[in-house]
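Just below is one structure, and these are the notes that go with it.
One-based numbering, in listed order, for ligands and for the atoms of each. As the structure is a computational prediction, the values presented were derived from the model and not from experiment.
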Amino acid sequence: MTELRKHIQEAVDFIRTKTDARPSIGIILGTGLGELAKEIQQERAIDYGDIPHFPVSTVESHHGRLLFGSLAGKNVVAMQGRFHMYEGYDLKQVTFPVRVMKFLGVESLLISNAAGALNRKFKKGDVMIMSDHINLLGDNPLIGPNDETLGPRFPDMSEPYSKELIGLAEKSAKDLRIKVRKGVYVAMQGPNLETRAEYRFLRTIGADAVGMSTVPEDIVAVHMAMKVLGVSILTDECFPETLKPVTLEEVIAVANKAEPKMTAIMKEVVKRMKP
Ligand code: HPA
């Protein structure tokens, strides 16, 4: 057994002393999705700090807890608080909770994030369903010896985000009369926002939105044959021609304002997912 597999097992064994929940859906609550946590009928919350090998959140605005409960009648586990490369974690740490979710029974992963809009047709406050991504982190969570019991050495990435879940999200948004965008997300290390020249470059290579998360978790989920849905709240407009300074306060304000749209879509998707 590889060390990673042993660590996963130790985390799962610990969680099993606290709950026998069998969630089939995992949710990563990013910036702007805190409200969704309130919609979960909580049965159990476990602090990351108590779980063996779990990293601990450094960002003040993020709780660090694994929430077990039901949402729209489905058993879910949600990460309240996530990890970013810019905090100093390596990508194996960032993605460790996704590995654990898989071994708790999770088959589908819903990921949210805040991102900057690159596509000129998009506006701040828009919700974007991720159709694909570009990994510009300069790193990969799968580097190192591969554990074949977790997934293949060279995972296929022709469907990084599940077509089925994207369809479900689009249909849900339509029925809820919420306008959604769809586009390519590019991941940058951060923590600084990008320069005008970088935004121009990112747009040129085909990205519609830019952020600092989600891609590592997606890669690890795909490695383990999980289905992923990624949804971004576009919190600022990264248009080189008209770029203005943005503050974290503004980003959070826009995320909070757009959050009900994202929460409604996610909840509806969960409701419509197969049991
Ligand atoms: N870059 C630019 N704007 C953003 C980002 C980012 O990574 N995340 C949220 N808004």
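Contact of the N119 side chain with the R181 side chain is not registered, since no non-hydrogen atoms from C-beta on lie closer than 4.5 Å.
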Applying salt bridge (Lys or Arg N to Asp or Glu O under 4.0 Å), run through K38 and E35 and close with a yes or a no.
-> CA-CA 5 Å; K38 296 188 190 137; E35 283 298 311; 2.8 Å; yes
Verdict with reasoning, E259 to M262, per side chain to side chain contact (heavy atoms under 4.5 Å, CB included) | CA-CA 5 Å; E259 173 173 26; M262 163 142 20; 5.7 Å; no
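In terms of protein heavy atoms, atom 10 (N) of ligand 1 is closest to D236 OD1, 2.6 Å. Annotation: atom 6 (C) of ligand 1 to nearest protein heavy atom, V210 O, 3.5 Å.
Checked by atom type and distance alone, the side chain of S131 pairs as donor or acceptor with a backbone atom of G183 at under 3.5 Å. E194 contributes no side-chain N or O that, together with a main-chain N or O of Y199, makes up a donor-acceptor pair within less than 3.5 Å.
Interface atoms of ligand 1 facing T235, defined by a heavy-atom separation under 4.0 Å, are 9 (C), 10 (N). Atoms of ligand 1 found under 4.0 Å from any heavy atom of G116, numbered from 1 in the order shown, are 3 (N), 4 (C), 5 (C), 8 (N), 9 (C), 10 (N). Within ligand 1, counting atoms from 1 as listed, the ones closer than 4.0 Å to a heavy atom of L193 are 1 (N), 2 (C), 3 (N), 6 (C). Ligand 1 places these atoms under 4.0 Å from at least one heavy atom of A114: 8 (N), 9 (C).
The local environment of CD in E10 is crowded, with over 12 non-hydrogen atoms from other residues, nucleotides or ligands closer than 6.0 Å. Around CD of E241, the count of heavy atoms belonging to other residues, nucleotides or ligands within 6.0 Å exceeds 12.
Look at M188 and you'll find every heavy atom at least 4.0 Å from all atoms of ligand 1. Using a 4.0 angstrom heavy-atom cutoff, C238 counts as in contact with ligand 1. For V251, the heavy-atom gap to ligand 1 stays at 4.0 angstrom or more.
Around atom 1 (N) of ligand 1, the closest heavy atom drawn from E198, Q189, E194 belongs to E194.
Aromatic ring centres of Y89 and F96: separated by at least 6.0 Å.
Contact annotation for Y199 and ligand 1: only side-chain heavy atoms (C-beta onward) come within less than 4.0 Å of the ligand.
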